[in-house]
Amino acid sequence: MAPVLVLWLAVCLSVTWAVDRGNFKTCDQSVRLLLELYRLQGNMTRVKINELKPLKPRYEVPDVLIREPPTDLSLLSQDENGVVLSLGAESQRVIVSARPFRLDIMEGRDVLMSLNSRGLLAFEHLRMQEEEKVEDGMWEETFKSHSDSKPNGPSAVSLDFSLPGVEHVYGIPEHADTLRLKTTDNGDPYRLYNLDVFQYELYNPMALYGAVPVMLAHNAQRTTGIFWLNAAETWVDISSNTAGKTVFGKMLDYVQGSSETPQTDVRWISESGIIDVFIMLGPTPNDVFSQYASLTGTQSFPPLAAVGYHQCRWNYNDQEDVTSVDAGFDEHDIPYDYIWLDIEHTDGKRYFTWDPHKFATPKEMLQGLMDKKRKMVAIVDPHIKVDSNYKIHNEIRSRGFYIKNKDGGDYEGWCWPGSAGYPDFTRADMREWWASMFAYDQYEGSMENLYTWNDMNEPSVFNGPEVTMHKDAVHGAWEHRDVHNLYGFYVQMATAEGLIQRSGGVERPFVLTRAFFAGSQRYGAVWTGDNAAEWEHLKISIPMCLSLGLVGISFCGADVGGFFKSPSTELLVRWYQTGAYQPFFRAHAHLDTPRREPWLFGPENTALIREAVRQRYALLPYWYQQFYHAHRTGQPIMRPLWVEYPQDPATFALDDEFLIGRDLLVHPVTEEGARGVTAYLPGKGEVWFDVQTFQKHNGAQNLYIPVTMSSIPVFQRGGSIIPKKIRVRRASSCMMHDPYTLYVALNPQRTAEGKLYIDDGHTFNYEKKEFIHRRLSFTNNILSSVNLAPDAQFTTQSWIERIVILGASKPSTVTLKTADGKESQLEFDFDASMSVLTLRKPGMNAGVDWNVMLQ
Amino acid sequence: MCCQYILLLLLLGVSGGVSAVEVQRPRGVPLSKRQFYEEDKPFTCLDGSRNIPFDRVNDDYCDCQDGSDEPGTAACPNGSFHCTNAGFRPGFIPSSRINDGICDCCDTTDEYNSGAACQNTCRELGRKERESLQKMAEIAKEGFLLKQQLIQEAKRGLEDKKAKYADVQLSKNEFEKRVEALRTVKETAEQPEKEAKERHLKAWEGKLGCESISPSTVCTEHYITDSIVSLINIFLARLSCLDATYNSTAQKARDAFDEAERALREVDDQIKNLEKEISFDFGPTAEFAYLYSQCYELTSSEYIYRLCPFNRVSQKPKYGGSETNLGTWGQWAGPEDNPYSIMKYEHGTGCWQGPNRSTTIKLTCGKETVLTSTSEPSRCEYLMEFTSPAVCQEPSSLDSVLHEHEEL
């Protein structure tokens, strides 16, 4: 498919630079660039800039887009210095000016975004070494004791974006920083370069394990997004004309009428590749999410069990240890679904194997877990021990699947097993082979309740520059420099594919990854890496996961308890309470820390942790429905408040509280010794109900909530219906047939709405329309369940055991009418002090039509 | 499909009289609480919080805060279900395990509507448990006998030690006297030597003249010359003459004194050790005393572990390498009702980025004294299991366990 507009950019790029050193230099010859401009369906624009005739091809990121995006575009007018193009029906135009080159995206008379308005477009064209005046760093770089041979010379690209009217930008994970991105005028830009950072620092633009080059810009009128599709090392510089102004200063501007329009300027810089950028024009946050999802896909729909609680530690020492921890959960009546094995379970860090002494009979162990409907995750890292007695290594070597070093030999680095090779996951044939290794007959000791964890896939190379791979390592035609940020993405892709294939395409996979890129949401879960048992790390888990959710990766969590160091009991309890309300809920601990299974801190704390985990399990129907929704729409599960209240500036920078879906607001306690928290409840004219006490609070206020050690401040939005299963059992699949309790929270208009999604919980059969999807609504005193997917087929044994209506008044009779026309009176209980009406045991099946009338 | 309306009665025996026992009670209710569940009467939640019609007991809806109305369903989050487990031990399970597809009660009564294929394993379990209890009882019996011997030995040992302590205390006086006596002898013997030395020293420090040397009384055979060199030679020769004579007496006295002093020190050490041993907490009847100054080893695939009770625990690589201290004796650390079931060894070699190594020893009853297992549940925190007759309880206390499953 051809772009509708192609321009030669014959401008001399007056400055080029080497990426992270800022050594500016002038170019002495004009290089022709090719600009391709696409209007994409769904209110997006793609801007591609490449050399018209590069000496050799420049890397264009494959496999991240789920398809070639469909285009439409029409020319409105043209003169010698530019063209005006229509961007569809919404009075949107893009004005392309040639000298100086810039793009302005307009809606009506407003500029939404300008590209190169600051003239920072830069393109280090490929060149022959001898025809250039050689300067330091152009053809070789050194970092500490490492050298980068840079055989292709300088090749960086850069472009600037101006966002008039924007004061809040978000995204570009992964950074241990606030939700709202900071200006970077006074320090390093935000860096995107997947790295295994030992004991990372907080509130810092440094690169971490994953990279999603997507930024969202938001103001009360509009949300837009920029997706910079480049997998090389990338830096993002942010400046703002209002940064540093105090509220008083802004008010003064306002009063005096002298305020200039706030504006945020962003500059993207990548070390190699091309400029390929998608401008997502919203206008609502949800529009941006679906625009981005149409490019890179949505969150994979996990098996229900993966939404439960995960118990991990580096390491559970042997089978006996696994058995006793498993028994501990039963003894202390705490539910869990997965127990995890870290690297020590292998035979000498050879993945796909088991330590012959400690894990001599893995199938016996897995069967023991299966008997309790529980599952296991074992780690499979991408570094492969160089050992001629190791099948995996021999196969990869003989098939030539290893990444090569600059001299053509197999690249070797140090990692857990000692000397290790790194399979070239950018190769489709390599990924296919890797996937086949998960077959039950290949991966000895594996069973269908064994799932996979990909760690160290930045990739981590202990003796490499910045603990990662040399940039001049070779992936076929490309350098590692070009593909670096994609490596982890591909590892998880191949692993998830393996888990799908081993079941003949029937079962949904579950794969956790540490490194990720745009599109990684399609393959499983991510976590925030090796955090620490510190209160600040608990706090940062919220903005870190919120930032990931904004760019499509919803299945996010942080190590509960903190990985490094040992948490105080209070911190551990608070972390469980917070983690229970984040999408991926796993406790993990470093090898050197004392044991911290939930029952090791006295009966009181065991009870507190049990209660937090039980709250998670009771809410699984709601969580699962959120995952289904995220899978269908690309909307984040854990979301910042501004996503639902985009016109309320009070929400724009909040990152100590968050929403799950639309309907639950969570403000976890993340302060040591807290006596209370102040939560902002959004929504003028709305109400929120405390899920524990059912007390009603008005929206658009800061509410002080006194807390004790058992408090987890959570509120249900008035106007919503949330299904729960309050019969918590020892694992999620034990709850499959259990009945539902519906929590109907009325808004001031006395209406409410919610959904109920049910399927088998673990297969892809939902894609064959084997599910139940119902709309629950309360209006005119009638609560009804209507089929949202009449063409879908699924039956459930679950029934409705209780309906709790919050903010209700006392009825005289309550009548249930089922689809067959039968009517019956329901018994009820009314708590006048809290206005809570509880309908006792209506008993209808959860999958059928019914209504309940209050009179 | 649903069974939430079913009131289930457990019928043991047939009315009409083959058996004399007819026990009707709602599912999940233990015999001891049967009287609270009377059909045809309203049911009062066991916490007294409310009354409900009896047909709401086990109707699969939770009416009582305390869960007492649903002993046989999973409806209440805090309920508990009673398994009769005829042939084995009766017991309670959380009601959340009813019909969850997993067999928890050996009599299968918890899975009455889940489709789980449970086998009644109570008889088998009962048999196994009886066997193992019997075995344990035998071990306990023998162990307990051994323990009595240990107690006797310890008693004798303690008496011996006390007697020895008294002896040693007495002999200490002797030794002290002897030291004093020998000190005097030594000092007397050293007097001439000291004087001679002082004389010579004076001479040496004074003029190096012949006159100061000539009055020599002991070694007159030495010829006196004028030459300085000879003078020095003579002086040295004289000194050596002095050594030969005074030395022999003084040295002997000194040696005897040193010897006595050393003996006294040894006695002191002995006293200290005896005091320590006598006052050491070897258990209520000193049954652990026999472990003192013993060591026990266990070899794993990589290491040799060594436990020297009341002293230290260590680990040594099997194939060479230096020993690591896993902790020195800390204290008894069992629970309040049984403090002598766990030993704690602390302050071992420090771990990299971690705590000092420490070891917990769990003691169980056994005929032999053996280190049976070792593990490292947390980094640098070791756990070992150790059997000893000293922890064996009187076997009679086990009988009640053996008879417990006769409840039905």
Side-chain angles (χ1 to χ4, degrees), chain A residues 313-318 320-321 324-325 330-333 335 355-358 370-374 564-566 589-597 600 611 614 617-618 725-731 733-739 741 795-799 801-802 827 829 840-843 845, chain B residues 1-5 50 52-53 55-56 59-63 67 70 73-80 92-104 110-111 113-118 300-302 350-355 357-358 360 373-383 385:
Chain A
R313 172 175 182 83
W314 176 23
N315 216 99
Y316 286 121
N317 296 331
D318 48 30
E320 205 181 313
D321 200 358
S324 89
V325 171
D330 284 340
E331 188 187 331
H332 299 280
D333 202 13
D355 183 298
H357 302 290
K358 298 169 183 164
M370 198 181 283
D371 290 345
K372 291 207 193 152
K373 303 198 177 188
R374 287 172 179 155
F564 290 113
K565 305 184 183 171
S566 191
H590 189 276
L591 184 69
D592 287 335
T593 61
R595 296 290 280 237
R596 55 168 100 134
E597 284 69 48
L600 295 176
E611 175 55 25
R614 281 182 167 212
Y617 275 78
K725 284 189 174 180
I726 56 177
R727 303 183 178 190
V728 172
R729 301 194 186 247
R730 69 181 126 200
S733 55
C734 298
M735 296 163 66
M736 168 117 184
H737 306 302
D738 281 338
T741 294
T795 53
T796 177
Q797 292 178 32
S798 297
W799 46 289
E801 70 168 331
R802 189 183 291 101
E827 212 178 296
D829 183 63
R840 186 189 192 278
K841 209 176 174 188
N845 186 282
Chain B
M1 207 62 218
C2 272
C3 62
Q4 60 265 32
Y5 302 102
R50 65 190 284 206
I52 56 170
D55 63 7
R56 299 213 164 159
D59 71 338
D60 207 15
Y61 185 88
C62 192
D63 292 286
E70 297 294 318
T73 79
C76 293
N78 50 349
S80 65
F92 289 92
I93 58 165
S95 61
S96 64
R97 293 181 196 166
I98 298 169
N99 291 328
D100 67 348
I102 299 161
C103 312
D104 290 284
D110 60 317
E111 295 300 314
N113 193 32
S114 69
C118 299
S300 75
S301 55
E302 286 169 83
C351 270
W352 183 77
Q353 276 214 333
R357 287 172 175 80
S358 64
T360 302
S373 82
T374 166
S375 60
E376 190 182 354
S378 266
R379 185 73 146 190
C380 301
E381 290 177 14
Y382 296 81
L383 177 66
E385 287 181 59

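Throughout, protein chains are lettered first and strands after them, A, B, ... in sequence-line order, and every chain is numbered starting at 1.
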Report which part of B/C62 has an atom under 4.5 Å of a heavy atom belonging to chain A: side chain, backbone, both, or neither. both
Could you go step by step and tell me if A/R727 and B/D60 meet the salt bridge (Lys or Arg N to Asp or Glu O under 4.0 Å) rule? CA-CA 11 Å; A/R727 303 183 178 190; B/D60 207 15; 2.9 Å; yes
Distance from B/N99 atom CG to A/R729 atom CZ, nearest 0.5 Å? 7.0 Å
Of the backbone (N, CA, C, O) and the side chain (C-beta and beyond), which part of A/T593 lies under 4.5 Å from a heavy atom of chain B, both, or neither? backbone
Shorter than 4.5 Å, heavy atoms on both sides: which option in B/E376, B/R56, B/E381 has the most such pairs with chain A? B/R56
Which one wins on heavy-atom pair count under 4.5 Å against chain B: A/H737, A/E827, A/E320? A/E827
Among the listed options B/S114, B/S96, B/P94, the residue most often paired with chain A at heavy-atom distances under 4.5 Å: B/S96
Portion of A/R313 that has a non-hydrogen atom of chain B nearer than 4.5 angstrom: side chain
Smallest separation among heavy atoms of B/R379 and A/D592, with atom names: NE-OD1, 2.8 Å
Of the backbone (N, CA, C, O) and the side chain (C-beta and beyond), which part of A/R730 lies under 4.5 Å from a heavy atom of chain B, both, or neither? side chain
Of the non-hydrogen atoms in B/D63 and A/R840, which two are nearest, and what is the gap between them? OD2-NH2, 2.6 Å
Is chain B contacted by the side chain of A/D330, its backbone, both, or neither, given a heavy-atom distance below 4.5 Å? both
What part of B/A75 gets within 4.5 angstrom of chain A, counting heavy atoms only: side chain, backbone, both, or neither? both
Minimum heavy-atom distance A/C734-B/I102, with the two atoms named: SG-CD1, 3.6 Å
Derivation and outcome, salt bridge (Lys or Arg N to Asp or Glu O under 4.0 Å), residues B/R97 and A/D333: CA-CA 10 Å; B/R97 293 181 196 166; A/D333 202 13; 3.6 Å; yes
Worked verdict on B/D59 versus A/K841 for side-chain contact (heavy atoms from CB on, under 4.5 Å): CA-CA 10 Å; B/D59 71 338; A/K841 209 176 174 188; 3.8 Å; yes
